[in-house]
Trainee: 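Please find one structure pasted underneath; my questions will follow.
All chains are named by letter (A, B, ...) in the order of the sequence lines, taking the proteins before the strands, and each is independently numbered beginning at 1. Hydrogens, waters and symmetry mates are skipped; everything else that's a heavy atom, side chains included, is used.
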Amino acid sequence: AQSVTQLGSHVSVSEGALVLLRCNYSSSVPPYLFWYVQYPNQGLQLLLKYTSAATLVKGINGFEAEFKKSETSFHLTKPSAHMSDAAEYFCAVTAVTGGGNKLTFGTGTQLKVEL
Amino acid sequence: DTGVSQNPRHKITKRGQNVTFRCDPISEHNRLYWYRQTLGQGPEFLTYFQNEAQLEKSRLLSDRFSAERPKGSFSTLEIQRTEQGDSAMYLCASSLVTGYTSTNEKLFFGSGTQLSVL
């Protein structure tokens, strides 16, 4: 069984400040980990994914995440927040051993960016 | 690439009625997924298709739910005898997978159908 826990349902940062969204995972097999972003009235969009290659993963829009097995974490960061980053962010995990890519999502973190 | 299209965007129905949603995947995508998202929660996997074959169904998918993907193109999700607990956003995603493993699979999500059961 797999699960992810996102710490903080709401995070607020100032424009230009560091963004840190936390995700911890639980998996009985080596996990594949993802971060998705959801803007209002839009579908989920993939930001980045970890699939057992480099532990530091760079994604779109300046986001990156680091896979830390010892901490079972996959936190999402961005050095400088922009107003356009305001959205809901979901961490997800799957075990890709064949067959479908059945993602297990966290409960999401709503990011607010203030002037 | 026109994206994954879902219709309708919103559906309001009375308890006990049947509803059907449609998903049009990105052209030539061979996999199609259905997820459900309730308020304050992340999406939950319901079922997926590889071409026209329904390969897996979640335990969340009760007997009142049925999904089809005739001819491996668009898909429909039908809920019979709706209950208030069915109120949720129903998301569809599609992907193109070559081979058996999904290592490089990328899911493209639609904007969803918001169902409200009164």
Trainee: Applying the 4.5 Å side-chain criterion to the ILVMFWY set and letting contacts propagate, would A/Val57 and A/Phe34 be lumped into a single cluster?
Mentor: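 The answer is no; the residues belong to distinct hydrophobic clusters.
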Trainee: Starting from A/Val4, can I reach A/Phe90 by hopping between I/L/V/M/F/W/Y residues whose side chains sit under 4.5 Å apart?
Mentor: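 Result: no, two separate clusters.
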Trainee: Pick one of side chain, backbone, both or neither for A/Glu88, based on which atoms fall under 4.5 Å of a heavy atom in chain B.
Mentor: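 Contact with chain B: none, neither part.
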Trainee: Can you tell me how far apart OG1 (B/Thr47) and NZ (A/Lys102) are? Round to the nearest 0.5 Å.
Mentor: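 Rounded to the nearest 0.5 Å, the OG1-NZ separation comes to 10.0 Å.
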Trainee: Let me confirm one number: the CG-CZ distance from A/Leu103 to B/Phe109, rounded to the nearest 0.5 Å.
Mentor: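 It comes to 6.0 Å.
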Trainee: What parts of residues 105-115 of chain A touch chain B if we use heavy atoms and a cut-off under 4.5 Å?
Mentor: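 The list, in residue order, reads A/Phe105, A/Gly106, A/Thr107.
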Trainee: Indicate, with yes or no, if A/Leu44 and A/Tyr89 share a hydrophobic cluster defined by side-chain heavy-atom contacts under 4.5 Å among Ile, Leu, Val, Met, Phe, Trp and Tyr.
Mentor: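 No.
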Trainee: Identify the residues of residues 35-44 of chain B whose heavy atoms come closer than 4.5 Å to a heavy atom of chain A, ordered by number, or report 'none'.
Mentor: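 Interface residues of residues 35-44 of chain B: B/Tyr35, B/Gln37, B/Gly40, B/Gln41, B/Gly42, B/Pro43.
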Trainee: Measuring only between side-chain heavy atoms, which start at C-beta, is B/Leu107 closer than 4.5 Å to A/Tyr36?
Mentor: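 Result yes, sub-4.5 Å side-chain heavy-atom pair found.
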Trainee: Heavy-atom distance under 4.5 Å to chain B: side chain of A/Leu46, backbone, both or neither?
Mentor: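 Contact with chain B involves the side chain of A/Leu46 alone.
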Trainee: Which bit of B/Leu55 is near chain A, if near means a heavy-atom gap under 4.5 Å: side chain, backbone, both or neither?
Mentor: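 Contact with chain A is absent: no heavy atom of B/Leu55 under 4.5 Å.
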Trainee: Return yes when atom CZ of B/Arg9 has more than 12 non-hydrogen atoms of other residues, nucleotides or ligands closer than 6.0 Å, and no otherwise.
Mentor: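 Yes, the 6.0 Å shell around CZ holds more than 12 heavy atoms from other groups.
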Trainee: For A/Leu20, which fellow cluster members are found when Ile, Leu, Val, Met, Phe, Trp and Tyr are connected by side-chain heavy-atom distances below 4.5 angstrom, either directly or through intermediates?
Mentor: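 Answer for A/Leu20: none, a lone residue.
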Trainee: Are B/Tyr90 and B/Ile26 connected, step by step, through hydrophobic side chains (Ile, Leu, Val, Met, Phe, Trp, Tyr) whose heavy atoms are closer than 4.5 Å?
Mentor: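 They do not share one cluster, since no chain of ILVMFWY contacts under 4.5 Å joins B/Tyr90 to B/Ile26.
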Trainee: Are more than 12 heavy atoms, taken from residues, nucleotides or ligands other than A/Glu15, located less than 6.0 Å from that residue's CD atom?
Mentor: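 Yes.
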Trainee: Do A/Val37 and B/Leu91 share a hydrophobic cluster (ILVMFWY, side-chain heavy atoms under 4.5 Å, transitive)?
Mentor: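 No; tracing contacts between hydrophobic side chains, which count when under 4.5 Å, never links both residues.
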Trainee: Do any of residues 110-118 of chain B have a heavy atom less than 4.5 Å from a heavy atom of chain A, and if so, which, in residue order?
Mentor: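 B/Gly110, B/Ser111 fall under the 4.5 Å cut-off.
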